Undergrad: 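Dropping a structure here in structure tokens format, bear with me for questions.
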Amino acid sequence: MSSRGSLGEGPSPAHVLTLEYPDAALAGALRRFVRSRLDHHADGDDVVQETYLRLFAYQATARVNDMKALCFAIARNLLLDHHRAARRSAHVELDDAIVCQQPTADRVLAFRRAVVIMADALERMPPLRREIFLRKRLDGLRTDAIAKSLDMSMAAVEKHVVRAFQDLRGALAERGFTMEAGA
């Protein structure tokens, strides 16, 4: 076997990051709540994204008992801050040609959630499958090298890698993600 330690040696991903994401109904209600209180939809999208970021940051430090109440409280405070700032300065329209190349906060959160799901799926894999998958995909070892070091056939190693991908795809699909969509 490998000298690689088990993924379970450190804190499990669930303990490091317990991220709950607002479901579609809550996200829609939050978006309508924010947009109904602003003149510009783009500002509303910013407030909603900032709400998610603050929710995520809070979830990293404490357990959320009522996500809906917390989301609306965060959004309400952000709206107050927005209106205070708007009173101090005039609104400047930005050119649509100026587009941020960075992924949106929603996309970043979705990727982080997908990472947590895949780490959990890796933990649940049979040890040999996980070991082969990590050697192949993370360490970049060739199939023949893995097969030789584990005294297995190359076909057996390839089957473990395929099954590991199936496990990861299945775990993501259960939570509404796809590997093809990139989370």
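These figures come from a predicted structure and were not determined experimentally.
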Undergrad: Taking atom OH of Y52 and atom CG of L109, what is their separation to the nearest 0.5 Å?
TA: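 That separation rounds to 9.0 Å.
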Undergrad: Measuring from atom CG of D43 to atom CZ of R35, what distance do you get when rounded to the nearest 0.5 angstrom?
TA: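 Between D43 CG and R35 CZ, I get 11.0 Å after rounding to 0.5 Å.
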Undergrad: Give, for atom CG of L128 and atom CG of L150, the distance between the pair rounded to the nearest 0.5 Å.
TA: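 Spacing of CG (L128) from CG (L150) equals 6.5 Å.
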Undergrad: What is the minimum heavy-atom distance between L26 and C71, and which atoms define it?
TA: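 That closest heavy-atom pairing would be CD2-SG, 4.2 Å.
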Undergrad: Between M67 and V64, is a side-chain contact (heavy atoms from CB on, under 4.5 Å) present by the stated rule, with each step listed?
TA: CA-CA 6 Å; M67 182 183 302; V64 175; 4.2 Å; yes
Undergrad: Taking the side chain as every heavy atom from C-beta outward, state whether I74 and Y58 have any atom pair closer than 4.5 Å.
TA: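 No, their side chains stay 4.5 Å or more apart.
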Undergrad: Any idea which heavy atoms bring K136 and T143 closest together, and the distance?
TA: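 Looking at all heavy atoms of both residues, the closest pair is NZ-OG1, 2.8 Å.
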Undergrad: I'd like to know if D167 pairs up with R129 as an ion pair, taking the criterion as any Lys NZ or Arg NE/NH1/NH2 lying under 4.0 Å from an Asp or Glu carboxylate oxygen.
TA: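 Between R129 and D167 there is a salt bridge, with a charged N closer than 4.0 Å to a carboxylate O.
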Undergrad: Just by distance, do the side chain of R130 and the backbone of L122 share a donor-acceptor pair under 3.5 Å?
TA: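 Flag set: sc R130 to bb L122 pair under 3.5 Å.
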Undergrad: Answer yes if M118 and V161 sit in the same cluster of Ile, Leu, Val, Met, Phe, Trp and Tyr residues linked by side chain heavy atoms under 4.5 Å apart, and no otherwise.
TA: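 In one cluster: yes.
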Undergrad: Is the closest side-chain heavy-atom distance between I117 and E174 below 4.5 Å?
TA: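 They are not in side-chain contact.
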Undergrad: Could you tell me which residues satisfy side-chain hydrogen bond (donor to acceptor under 3.5 Å, both in side chains) with D144, sequence neighbours excluded, listed by chain and number?
TA: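 side-chain hydrogen bond (donor to acceptor under 3.5 Å, both in side chains) check on D144 returns R142.
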Undergrad: Nearest 0.5 Å please: distance from the CZ atom of R175 over to the CG atom of D120.
TA: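 Answer rounded to 0.5 Å: 8.0 Å.
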Undergrad: Looking at CZ of R84 and CG of L79, how far apart are the two atoms once the value is rounded to the nearest 0.5 Å?
TA: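 One gets 11.0 Å once the value is rounded to the nearest 0.5 Å.
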Undergrad: Is it true that a side-chain atom of R37 and a backbone atom of F33 form a donor plus acceptor pair closer than 3.5 Å?
TA: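 Side chain of R37 to backbone of F33, a donor-acceptor pair under 3.5 Å: yes, one is there.
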Undergrad: What is the distance from atom CZ of R135 to atom CG of L138, rounded to the nearest 0.5 Å?
TA: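 The CZ atom of R135 sits 12.5 Å away from the CG atom of L138.
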Undergrad: If every non-hydrogen atom of A164 is compared with every non-hydrogen atom of M125, which pair is closest and at what distance?
TA: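 Answer, listing the atom of A164 first, then M125: O-CE, 3.4 Å.
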Undergrad: Do S153 and E158 make a side-chain contact, defined as non-hydrogen atoms from C-beta onward lying under 4.5 Å apart?
TA: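 Side-chain contact under 4.5 Å: no.
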Undergrad: Would you say M152 and H160 make side-chain contact, with heavy atoms under 4.5 Å?
TA: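 Yes. Closest side-chain heavy atoms under 4.5 Å.
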Undergrad: Search all heavy atoms of A75 against all heavy atoms of V47 and return the closest pair with its distance.
TA: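 Minimum heavy-atom separation between A75 and V47: O-CG1, 4.3 Å.
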Undergrad: Compare all side-chain heavy atoms of L172 with those of R169 and state whether any distance is below 4.5 angstrom.
TA: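 Contact flag for L172/R169 side chains = no.
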Undergrad: Between R163 and F133, is there a side-chain heavy-atom distance shorter than 4.5 Å?
TA: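 They are not in side-chain contact.
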Undergrad: Could you state whether F165 and I146 fall into the same hydrophobic cluster, counting links through intermediate Ile, Leu, Val, Met, Phe, Trp or Tyr residues with side-chain heavy atoms under 4.5 angstrom apart?
TA: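 Linked, F165 and I146 end up in one cluster.
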Undergrad: Measure across L30 and T51 and return the closest heavy-atom pair with its distance rounded to 0.1 Å.
TA: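 Shortest heavy-atom separation between L30 and T51 comes out as CD2-CG2, 3.8 Å.
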Undergrad: Answer with yes or no whether the hydrophobic clustering places F72 together with L70; edges join I, L, V, M, F, W, Y residues whose side-chain heavy atoms lie under 4.5 Å apart.
TA: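 Yes, because F72 and L70 connect within a single hydrophobic cluster, where side-chain heavy atoms sit under 4.5 Å apart.
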Undergrad: So, H83 side chain and L78 main chain: donor-acceptor pair closer than 3.5 Å or not?
TA: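 Not at all, since once roles are kept as given, no pair shorter than 3.5 Å links the two residues.
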